[in-house]
S.K.: 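Structure in structure tokens, see below.
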Number of protein chains: 2
Amino acid sequence: MRLLVLNFLLKRKAAISLNDIEKAIQPADRITIYRTLKTFEEKGLVHLIDDGTGTHKYALCDDTCGPEEHNDLHVHFYCNGCHETYCLPNSKLPQIDLPEGFGYSEMNLVVKGYCDKCKP
Amino acid sequence: MRLLVLNFLLKRKAAISLNDIEKAIQPADRITIYRTLKTFEEKGLVHLIDDGTGTHKYALCDDTCGPEEHNDLHVHFYCNGCHETYCLPNSKLPQIDLPEGFGYSEMNLVVKGYCDKCKP
DNA sequence: TGAACAATGCAATTGCGTTGCATTGTTTTC
DNA sequence: GAAAACAATGCAACGCAATTGCATTGTTCA
């Protein structure tokens, strides 16, 4: 089962939700996939994306990720047309000036718009 | 009821969730507060914040917002200590280089860390 | 082989957002 | 001023996704 999920993740370029995987890998139990993804995340294989749609998405990490640390410090792009969420690893996160006394730890940046296939 | 909600929003500097308001304004019905906030949002009084916690937060808009348009183009800060979400209107959104063919429409940027009160 | 452990699957729960509908309060019209 | 039209409130219920408990099955190790 974990191999099935992993293979599906490798095939897809965009981030996918639990439902996507469930539909693609049938018959499969949603809870098993959920726990599989959770395990993958803990081990540093995938990272969880919050693209503002309310449903979690998952995408493969790059090689620098591990169980200790997630280097998912890149921009995510949500397409209003095809409703896909893409990782933009080439777009690095900007430097933000925080108010005095505030400490930075992580950042989540989601850009919305239309991807190259859906652009009107 | 709407006045109660508005006054509570004015008193609080941080963004607040439906539950926060419900606990603060008792006795009050959750649905009524929900619809109140929804009305406020449509009229351009408050804007909705997705800080990645999974629950929506609301915060007052500045004077440039109206029913037609929300100028909530600023950074939000989530404190891992007190779990409060702050608006950082002085931190403008950065310019992100999108891949070829991608079109920009909106952006959501949440910085996480520790605020000045919770910084260790 | 048997015990310890991990993985899976089913059922059920939680949390939050949301809608339907009846009731109450307010405004408009005659 | 009464009746009708409309807005606001409150209760119940629904929906969706994430999450957990527990029993069952498969795997590893002594």
S.K.: Take atom CD of E41(B) and atom C1' of dG17(C), then tell me their distance rounded to the nearest Å.
M.R.: 13 Å
S.K.: Could I get the full list of ring-ring contact (aromatic ring centres under 6.0 Å, His included) partners for F77(A), not counting sequence neighbours?
M.R.: F102(B)
S.K.: Could you list all N or O pairs between the protein and nucleotides 17-21 of chain D that sit under 3.5 Å apart?
M.R.:
| from | atom 1 | to | atom 2 | distance (Å) |
| --- | --- | --- | --- | --- |
| dA17(D) | OP2 | N19(A) | ND2 | 3.4 |
| dA18(D) | OP1 | H56(A) | N | 3.0 |
| dT19(D) | OP2 | Y34(A) | OH | 2.8 |
| dT19(D) | O5' | Y34(A) | OH | 2.8 |
| dT20(D) | OP2 | K38(A) | NZ | 3.4 |
| dG21(D) | O6 | R35(A) | NH2 | 3.3 |

S.K.: Strictly below 4.0 Å, N to O, side chains only: are E84(B) and R12(B) in salt-bridge contact?
M.R.: yes
S.K.: Would you list the protein and nucleotides 23-26 of chain C atom pairs, both N or O, that sit under 3.5 Å from each other?
M.R.:
none

S.K.: Between atom CZ in F40(A) and atom C1' in dA6(C), what is the gap in whole Å?
M.R.: 15 Å
S.K.: Distance under 6.0 Å and angle within 45° of the ring axis: does K119(A) meet both against Y114(A)?
M.R.: no
S.K.: Please state how far atom CG in L3(B) lies from atom C1' in dA8(D), giving the value in whole angstrom units.
M.R.: 13 Å
S.K.: Figure out the CG/P separation between L4(A) and dA7(C), and round it to whole Å.
M.R.: 15 Å
S.K.: Check whether Y86(B) and M107(B) end up in the same hydrophobic cluster, where Ile, Leu, Val, Met, Phe, Trp and Tyr are linked by side-chain heavy atoms less than 4.5 Å apart.
M.R.: yes
S.K.: In whole angstrom, what separates K43(B)'s NZ from dA7(D)'s C1'?
M.R.: 12 Å
S.K.: Please report, rounded to the nearest Å, how far the C1' atom of dG17(C) is from the CG atom of D50(B).
M.R.: 13 Å
S.K.: Is there a donor-acceptor contact under 3.5 Å linking the side chains of K57(A) and S17(A)?
M.R.: no
S.K.: Going by atom types only, do T53(B) and D51(B) share a side-chain donor-acceptor pair under 3.5 Å?
M.R.: yes
S.K.: Can you measure E22(A) atom CD to dC16(D) atom C1' for me and round it to whole angstrom units?
M.R.: 12 Å
S.K.: Considering heavy-atom distances to DNA chain D, does R2(B) or D29(B) have its closest nucleotide positioned more toward the 5' end?
M.R.: R2(B)
S.K.: Could you tell me the separation between the CG atom of L6(B) and the CZ atom of R2(B), rounded to the nearest 0.5 Å?
M.R.: 11.0 Å
S.K.: In this structure, are over 12 heavy atoms from other groups packed under 6.0 Å from E42(B) atom CD?
M.R.: yes
